[in-house]
Amino acid sequence: MLELDGISAGYGRAQVLRELSLTVETGEILCLLGRNGAGKTTTMLATMGLLPLTAGAVRLDGREISRLPAHMVPRAGLGYVPQGRRLFADLTVAQNLEIGLRARRSGPETLEEVLTLFPRLRDRYQQRAQTLSGGEQQMLATARALCLRPKALLLDEPTEGLQPSMIEAIRRVIVQMRETGVAVLMVEQRVDAVLSVADRVTFIENGQARESLSAEALRRDHALVERYVGV
Amino acid sequence: MEIGPYFLLATLEGAVTAAVLALTAVGLSLVFGVMRVVNIAHGEFFMLGAVIAWWVAQAVGGHPALGFAAALVIAPLIVGGLAAAADMTILKRLDYDPERTIVATIGLLYVIQQVTLMTYGPEARPVEAPFGTRLAIPWIEHAEGGWRLYWPWGLSTTSYKLAVMAAAAAVLLGVWALMARTRIGLVMRATQMDRGMALAFGIPVERVYALVFGLGAGLAALAAVLIVPIRQAHYLMGADPLLLSFIVVIIGGLGSLPGTVVAAVLIGLSDGIISVFFSPTLAKIIATLLVALVLVFRPQGLFGTRAA
Ligand SMILES: Nc1ncnc2c1ncn2[C@@H]1O[C@H](COP(=O)(O)OP(=O)(O)OP(=O)(O)O)[C@@H](O)[C@H]1O
Ligand SMILES: [Mg+2]
């Protein structure tokens, strides 16, 4: 279970997150919805320990990971697929995955599992990440995070700019992660995509978590979507 | 003597400069590439290497080769250790902010220089070369009755100078292998490409930085140990290598190791040749002019890639 307990964070003197709280149960997909600039990416960065918290705590299965130095957070079992992929561009697919594997000393069987999920990466194994297509890059970014054997997985707009078949491939993998008991926290702009995978949705506005409700309830009543993400 | 033998002599001298410069500049380039820190104190790490080499050679005594061999190991280790400590106590606290680290390394430059002046003194002191057989070089000339080989007076080098070139080449190959072929090299390159993502994948970036800063300083110290039997150890000797390293790193492309080596050879050779035929000052002027041209027409350097 991943728990953000009243976290505040920002950039320099500009505060972005204001006592934001949410929890993601194991085997659950929670979607963050909110306008551009609402603080979704900032939430991810603060959870990963890449931005210092000014208040609050982040707990993973009860352990307070926000006390750890940033490089120990992934080792506790947090996998991160950042917005814009941020691959190690000059490294090959194999090397990008190796860095993922090393973080929690995952063995070759983990690599096999990940490559089975994304067979395309096996064909591109010695190719530099920079030269992959956008969809392949997104697969690699996801695969790299899965190499950690994460307990919780953070995905920041994983389907941005992808064609439907690619979105479907990523979606299948995310659902599969849920089945194995991973807590999935996902940012997604497209509401139809959200509703097809999410168990629960939390709206975020001005760095604060507002309403939180089941995807089921949201499907019945679209009004909230209009209010928090409509233009 | 005609111009040919002179030219060869100048080229050999330039090649020694190039070898030492390549090592020093690769150290600077590595630090800038991975950490984005412009290390103004780099020349002082070079100087410290030479001064410590003198101290070690004095302490060991016996055959010059013994003291030199000891210095070759000990000086880079001490200097690398000092640099890593400076990184952890000073640069880390500044959060590696580009401007503040420049100011901090300027401060470090003066501290190292003044402490050396107070302890080692203002004298220039030599370290004896471990070996130094004079090797005369033949030249051909056209005399009556055809070509003949002769040994022009003054055309010679020493076995030690050739060894410096070989050692520099070997070390550079080692650095390349470290970066391209080892796990620690992979971790360093990942840190260089995206510091935040390196952290997000469990790479202890602070430790990588300390290692890289130590390695960069250690390379400068190693270069100094190699050159100190040819040029003496002096507390102000760091200025020239610093200037030339910056020239080389800018021409070669910031952070590009192959570019740095090519530029070092280019600048080292031209420095040697122009110094012999004209004057060392002209050599520096031309090198600086070259930097200006590169900055205007190819700001990313000869081998650098344009920042995205
Ligand atoms: N590096 C930064 N320095 C200063 N302010 C920043 C920085 N990154 C983001 N911000 C500010 O923080 C706020 C939240 O940004 P954030 O990236 O978290 O938004 P987001 O919800 O992810 O938006 P989007 O949907 O566009 O990705 C914005 O107002 C943004 O301008
Ligand atoms: Mg965002």
Side-chain angles (χ1 to χ4, degrees), chain A residues 11-12 41-42 44-52 65 68-92 94-106 128-130 140-141 143-150 152-156, chain B residues 29-30 32-36 87-88 92-100 176-212 253-259 300-301 303-308:
Chain A
Y11 304 90
T41 299
T42 308
M44 299 269 178
L45 291 174
T47 308
M48 288 305 299
L50 296 174
L51 277 180
I65 55 173
L68 302 173
H71 75 275
M72 295 301 288
V73 172
R75 294 187 190 183
L78 222 53
Y80 182 32
V81 183
Q83 186 168 17
R85 297 155 198 148
R86 290 178 71 176
L87 296 168
F88 299 114
D90 283 340
L91 301 185
T92 62
Q95 290 169 326
N96 270 279
L97 294 178
E98 187 186 336
I99 286 176
L101 291 169
R102 280 166 52 83
R104 300 220 309 144
R105 302 184 198 293
S106 316
R128 285 194 316 150
Q130 211 170 22
L140 180 55
R144 181 177 64 170
L146 294 185
C147 281
L148 265 77
R149 289 176 288 115
L153 187 59
L154 311 182
L155 300 122
D156 198 344
Chain B
S29 176
L30 202 62
F32 179 80
V34 176
M35 306 170 67
R36 300 277 131 181
D87 168 75
M88 289 186 283
K92 184 176 133 186
R93 270 179 219 204
L94 300 178
D95 234 356
Y96 301 97
D97 175 84
E99 282 133 39
R100 284 152 79 204
W176 172 81
L178 177 80
M179 292 306 282
R181 291 274 179 270
T182 67
R183 286 188 153 190
I184 183 69
L186 182 68
V187 163
M188 284 193 226
R189 284 191 292 152
T191 307
Q192 166 166 6
M193 285 169 223
D194 192 329
R195 173 176 194 262
M197 277 306 112
L199 281 172
F201 282 88
I203 294 175
V205 166
E206 282 176 2
R207 250 180 284 162
V208 172
Y209 278 7
L211 182 78
V212 167
L254 289 170
S256 155
L257 293 189
Q300 73 273 36
F303 284 66
T305 42
R306 214 178 279 270

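Below, chain A is the first sequence line, B the second, and so on; all start at residue 1.
Residue A:Leu153 holds its CG atom at 8.5 Å from CG of A:Leu78, rounded to the nearest 0.5 Å. A:Arg149 contributes atom CZ, which lies 9.0 Å from atom CG of A:Leu101 (distance to the nearest 0.5 angstrom).
Both the backbone and the side chain of A:Arg86 come within contact range of chain B, judged by heavy atoms closer than 4.5 Å. Residue contact with chain B, scored on non-hydrogen atoms closer than 4.5 Å, involves the side chain of A:Leu148 exclusively. Using a 4.5 Å cut-off between heavy atoms, B:Arg207 touches chain A through its side chain atoms alone. Only the backbone of A:Ala89 comes within less than 4.5 Å of a heavy atom in chain B; its side chain stays farther off. For A:Met72, no part sits under 4.5 Å from any heavy atom of chain B, backbone or side chain. Heavy atoms closer than 4.5 Å to chain B are found in the side chain of A:Leu50, but not in its backbone.
Remark: A:Asp90 engages A:Arg128 in a salt bridge, criterion side-chain N to carboxylate O under 4.0 Å.
Cation-pi check for A:Arg144 over A:Phe88 is met; the charged atom lies under 6.0 angstrom from the ring centroid and within 45 degrees of its normal.
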ask   = Is there a side chain to side chain contact (heavy atoms under 4.5 Å, CB included) between B:Leu199 and A:Met48 once you walk through the steps?
value = CA-CA 9 Å; B:Leu199 281 172; A:Met48 288 305 299; over 6 Å; no
task = Please report the C-alpha distance between A:Leu155 and A:Met44 in whole Å, then the side-chain angles of each, then the deciding distance to 0.1 Å, and finally whether the side chain to side chain contact (heavy atoms under 4.5 Å, CB included) criterion is met.
result = CA-CA 8 Å; A:Leu155 300 122; A:Met44 299 269 178; 5.7 Å; no
ask   = Do A:Leu45 and A:Tyr80 pass the side chain to side chain contact (heavy atoms under 4.5 Å, CB included) test, and can you show the C-alpha distance, the side-chain angles, and the key distance before you say yes or no?
value = CA-CA 9 Å; A:Leu45 291 174; A:Tyr80 182 32; 3.7 Å; yes
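A:Ile99 approaches A:Leu91 most closely through the heavy-atom pair CD1-CD1, 3.7 Å.
Using a 4.5 Å heavy-atom cut-off against chain A, the contacting residues of residues 184-194 of chain B are B:Leu186, B:Val187, B:Arg189, B:Ala190, B:Met193, B:Asp194.
Remark: A:Gln83 CD is packed, more than 12 non-hydrogen atoms of other residues, nucleotides or ligands lying under 6.0 Å away.
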